[in-house]
Each structure stands twice: as C-alpha cells, then as structure tokens.
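Following: one structure in structure tokens, then a few remarks.
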Amino acid sequence: IKVGTWAVTIDEGFTVTGNDDNNYALTFAAVTAQITARTTEVTFTAENKVYNGNRTATVSGFTFSNLVGNDNLAVAAATARFAESKAGEWDVTIDDGFTVTGNDDSNYAIVFAPVKASITPKAIMVGFTADDKVYDGTAVATVHDFVFEGTIAGDALTMAAVTASFAEAKVGEWLVTIDDFTVTGNDDGNYAIGFSGNVKASITAKAITVGFTADDKVYDGDAIATVHDFVFDGVVEGDALEVTATAQFAESKAGEWAVTIDEGFTVTGNDDNNYTLTFAAVTAQITARTTEVTFTAEETVARFLCFQI
C-alpha cells in the first residue's frame with residue numbers, strides 16, 4: 001500500500017439485495033482512485049552559534065509526527081540555514097536536498113516545523129597603544145593603533161572615537177583602560193568588543209623652574225645667602241608647592257655673585273614626585289663692609305733757626 005493511482009476492486013463476498021432470483025450476473029467496472037501522501041511535520045533542534053559570517057546552521061534531533069503503524073522515518077542527511085548571517089535570533093530552515101530513510105514510496109509529505117536559533121556576537125579582544133605623557137593633573141590618556149584580532153574575513157572594523165584613562169593621575173607607570181568608544185563596521189552587533197587589559201603607559205614628572213629672590217648682604221666672611229619668595233611657574237591648577245631651603249653665594253667676597261640653592265632643600269606638596277624642580281639663575285651682591293679706622297697722632301715742638309746775612 002503506497003502512494004499512487006490504483007485500481008479499486010470489489011472484494012469477494014459482496015452482498016446484493018434485489019437479486020434473490022439471480023436474474024443478474026454482476027461484474028464491476030474498472031475504477032481507479034488515489035492514495036495521497038500523508039503529511040508528517042518534522043520537528044528538530046537548531047543549535048545557537050557564534051557569529052562567523054555565514055548562515056550555516058547545525059541541526060539535529062529530528063522527530064516525525066503523524067506516522068502510520070510501524071512506519072519508521074529518519075533524516076539521514078540534512079543541511080540548514082539561518083535566515084540571516086548576522087547576530088540575532090533567526091528562523092532556521094532545512095535546505096532542499098535532505099535525505100530521509102523509510103520513505104522510499106513517498107508515502108509521506110514531509111514538512112519541517114518552524115524552528116529558531118540565535119547567532120551570538122563574536123567576542124574579540126582589541127589591542128592598542130597608549131602614549132606616555134607629562135604630568136598634567138588628570139588621568140586622561142591618548143590611545144591609538146587599534147588592532148582588531150579575530151575579525152571575520154571581509155569585515156572591517158575601525159575605531160571612530162575613543163576616550164581612555166590612566167589608573168592614576170600621578171607620576172608612575174599605570175594600566176590604561178578604555179572608557180568609551182565608537183566602532184564603525186559593527187552596526188549589526190556581530191562583535192562583542194573587549195580591550196586588552198595589560199596596556200601600560202607612564203606619567204612622567206613635569207619639569208618646572210622655580211624662581212626666588214636672594215637678598216644682598218654685607219661682607220661677613222661666609223657665602224651663606226638668604227632666599228625667599230619662591231615662585232613655581234607651570235604648576236598644575238590645584239597643586240600647591242612650598243620650598244624650605246638654604247642657599248650660597250658663589251663666592252664669599254664682595255661682588256655680585258650667582259646664588260644657588262643647597263642640596264637637601266625640602267618641598268611640600270610634591271609627595272608623589274609629580275614635579276622635577278630646577279631653580280632659576282639668581283644673583284645678589286655682597287657689599288663691602290665698612291670699617292672705621294682709629295689712629296693716634298703725637299705732639300711735636302717747633303724750632304725756628306735765625307740766620308744773619
């Protein structure tokens with residue numbers, strides 16, 4: 001018994017009423033009718049997958065409904081496709097050309113149930129370079145040279161805009177992290193973008209020149225100078241530095257001399273060493289010391305000689 005157009009015959013043992021006297025010899029005309037294919041809906045499972053740029057789906061677990069008796073159907077081979085190749089939840093359909101065993105007589109019209117599965121974004125790690133910078137009181141970092149490793153052939157991602165930060169705003173070598181970014185080429189959300197977590201850069205100390213005033217002094221036999229009114233040009237807004245220092249004239253004798261700050265000066269407000277300090281070239285004078293000279297004058301008798309000519 002299979003699908004097709006077949007002759008239909010009357011079985012022996014039929015009963016006819018009204019022919020009790022056997023006045024008629026009955027024969028039955030040639031008649032045909034069709035057996036049509038029985039519809040079976042096949043359910044199956046489609047696996048989610050990570051975005052790989054194509055629509056190919058993996059399917060399994062085929063189950064045939066509405067089968068007759070001991071009929072046993074199985075999918076021997078089948079390929080399938082997502083409705084789209086981009087990230088999202090999509091219908092999955094079985095491609096033409098699938099093979100079913102147990103249906104050699106085509107007794108079943110096979111229909112596949114609607115099935116959905118998801119294409120999830122592909123996780124990629126983006127490398128980048130962070131520039132060193134001079135201390136400016138902020139943690140803002142400059143980053144560039146982004147490398148999108150693991151993108152699918154044909155996809156092109158570009159960093160359109162980005163902000164980044166040092167882990168600290170003070171002098172030192174710090175991890176640099178991406179704060180916010182815009183990537184072109186990922187409009188469909190096919191990639192889950194992460195950034196390398198081991199990028200470091202340095203904040204270096206800001207060099208400033210400290211001005212000061214040195215007082216003139218009267219020669220006193222030593223080179224010690226008195227300095228004050230330190231001026232810290234170029235200090236970042238919000239920072240406050242102070243210096244406690246001793247100083248020396250270049251010479252201890254009278255004249256105009258360079259005045260230098262002794263080593264061992266103390267700076268407050270620079271605990272993180274955010275500044276390297278040099279001192280301005282300053283001169284001051286050692287003036288001659290006034291000395292009053294006392295002395296003794298002896299008395300004398302004047303003698304006059306007279307001569308006659």
- [ ] Give the C-alpha distance, both sets of side-chain angles, the deciding distance and a yes or no for side-chain hydrogen bond (donor to acceptor under 3.5 Å, both in side chains) between Glu256 and Thr283.
- [x] CA-CA 7 Å; Glu256 183 176 26; Thr283 61; 3.2 Å; yes
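- A salt bridge links Asp222 with Lys217: the distance from a Lys NZ or Arg NE/NH1/NH2 to an Asp or Glu carboxylate oxygen falls below 4.0 Å.
- When hydrophobic clusters are built by joining Ile, Leu, Val, Met, Phe, Trp and Tyr residues whose side-chain heavy atoms come closer than 4.5 Å, directly or via intermediates, Val231 is not grouped with Phe265.
- Listed for the Asp105 side chain is no donor-acceptor partner under 3.5 Å among the backbone atoms of Asn107.
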(request) Quick one: do Gln34 and Thr5 satisfy side-chain hydrogen bond (donor to acceptor under 3.5 Å, both in side chains)? Show the steps, please. (result) CA-CA 4 Å; Gln34 287 186 326; Thr5 301; 3.0 Å; yes
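- No side-chain N or O of Asn48 forms a donor-acceptor pair with one of Lys116 less than 3.5 Å apart.
- Residues Ile193 and Val183 form a side-chain contact, since some pair of their non-hydrogen atoms from C-beta on lies under 4.5 Å apart.
- Between the side chains of Glu47 and Thr58, no donor N or O sits under 3.5 Å from an acceptor N or O.
- In this structure, Ile261 and Ala247 approach most closely via the heavy-atom pair CD1-CB, 4.1 Å.
- No single ILVMFWY cluster, assembled from side-chain heavy atoms under 4.5 Å apart, contains both Phe64 and Val3.
- A salt bridge links Asp95 and Arg81; the closest N-O separation between the charged side-chain nitrogens and carboxylate oxygens is under 4.0 Å.
- Interatomic distance, Asn103 CG to Thr99 OG1, rounded to the nearest 0.5 Å: 11.5 Å.
- Counting non-hydrogen atoms of neighbouring residues, nucleotides and ligands closer than 6.0 angstrom, the CD atom of Glu242 reaches no more than 12 such neighbours.
- The main-chain N or O of Gly150 is found under 3.5 Å from a side-chain atom of Lys122 such that the two form a donor-acceptor pair.
- Proximity of Val243 to Thr266: side-chain heavy atoms (C-beta onward) are nowhere separated by under 4.5 Å.
- Phe148 is not listed as a side-chain neighbour of Met125, based on a closest heavy-atom distance of 4.5 Å or more.
- Each of Leu175 and Ile203 belongs to its own hydrophobic cluster when Ile, Leu, Val, Met, Phe, Trp and Tyr are linked at side-chain heavy-atom distances under 4.5 angstrom.
- Side chain of Lys206 to main chain of Gly137: no donor-acceptor pair is present (N/O by atom type, distance under 3.5 Å, no hydrogens or angles).
- The minimum heavy-atom distance linking Ala130 with Val199 is given by the pair CB-CG1, 3.9 Å.
- None of Thr151, Asn186, Asp155 except one satisfies the side-chain hydrogen bond (donor to acceptor under 3.5 Å, both in side chains) rule with Tyr191; the exception is Asp155.
- The side-chain hydrogen bond (donor to acceptor under 3.5 Å, both in side chains) test with Tyr108 is passed by exactly one of Thr39, Asn66, Asp71: Asp71.
- Here the side chains of Thr101 and Asn72 are not in contact, with every heavy-atom distance at 4.5 Å or above.
- Under the 4.5 Å side-chain contact rule for hydrophobic residues, Val68 and Val42 share a cluster.
- Looking at Val16 and Tyr24, their side chains never come closer than 4.5 Å, going by heavy atoms from C-beta outward.
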Begin with the C-alpha distance, continue with both residues' side-chain angles, and end with the deciding distance and a verdict on side-chain hydrogen bond (donor to acceptor under 3.5 Å, both in side chains) for Thr163 and Asp180.
-> CA-CA 5 Å; Thr163 58; Asp180 193 16; 5.3 Å; no
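- Here Phe98 and Phe112 bring their ring centres to under 6.0 angstrom of each other.
- Atoms CD1 and CZ, on Ile208 and Phe232 in that order, are 6.5 Å from each other to the nearest 0.5 Å.
- Looking at heavy atoms from C-beta onward, Leu241 lies out of side-chain contact with Phe230 at the 4.5 angstrom threshold.
- The number of heavy atoms from other shown groups lying within 6.0 Å of CZ (Phe28) is above 12.
- A centroid separation of less than 6.0 Å is found between the aromatic rings of Phe195 and Phe181.
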Output, in order, the C-alpha distance, side-chain angles, deciding distance and verdict of side-chain contact (heavy atoms from CB on, under 4.5 Å) for Ile94 and Thr79.
CA-CA 6 Å; Ile94 303 299; Thr79 58; over 6 Å; no
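- If you check the side chains of Tyr275 and Asp239, you find a donor sitting under 3.5 Å from an acceptor.
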Please determine whether side-chain contact (heavy atoms from CB on, under 4.5 Å) holds for the pair Val147 and Phe128, giving the CA-CA distance in whole Å, both sets of side-chain angles, and the decisive distance to 0.1 Å.
CA-CA 6 Å; Val147 179; Phe128 62 94; over 6 Å; no
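- Asp188 places no side-chain N or O within donor-acceptor distance of the main-chain N or O of Asn190, the cut-off being under 3.5 Å.
- Scanning all heavy atoms of the two residues, the minimum distance from Ser252 to Ala223 falls at CB-N, 3.8 Å.
- Closest approach of Glu41 and Pro114 over heavy atoms only: OE2-CD, 4.3 Å.
- Counted within 6.0 Å of CZ on Arg289, heavy atoms from surrounding residues, nucleotides or ligands total 12 or fewer; the atom is thus considered open.
- Residues Val134 and Ala205 share a closest heavy-atom pair of CG1-O, 4.0 Å.
- In summary, the side chains of Asp262 and Thr246 do present a donor paired with an acceptor at a separation below 3.5 Å, with no hydrogens or angles considered.
- At a threshold of 4.5 Å between non-hydrogen side-chain atoms, the residues Val162 and Phe146 count as touching.
- Residue Glu89 holds its CD atom at 12.0 Å from OG1 of Thr120, rounded to the nearest 0.5 Å.
- Nearest heavy atoms, Ala139 versus Ala169: N-CB, 3.9 Å.
- Distance check, rounded to the nearest 0.5 Å: OG of Ser202 to CG of Asp131 gives 11.5 Å.
- A distance of 7.5 Å separates CD1 of Ile119 from CG of Asn52, quoted to the nearest 0.5 Å.
- For the residue pair Asp272/Tyr135, the side-chain donor-acceptor check at 3.5 Å is not satisfied.
- Residues Phe44 and Val75 are not in side-chain contact: their nearest non-hydrogen atoms beyond the backbone lie 4.5 Å or more apart.
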Note to self: Could you go through Lys170 and Phe166, starting from their C-alpha distance and side-chain angles, then the distance that decides it, and tell me whether this counts as side-chain contact (heavy atoms from CB on, under 4.5 Å)?
What the structure shows: CA-CA 9 Å; Lys170 59 189 178 183; Phe166 287 89; over 6 Å; no
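- Note on Met159: it clusters hydrophobically with Ile152, by side-chain heavy-atom contacts below 4.5 Å among ILVMFWY residues.
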side-chain contact (heavy atoms from CB on, under 4.5 Å) for Val227 and Val259? Distances and angles first, verdict last. CA-CA 9 Å; Val227 290; Val259 176; 4.0 Å; yes
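- Note that CZ of Arg55 is 10.0 Å distant from NZ of Lys49, once rounded to the nearest 0.5 Å.
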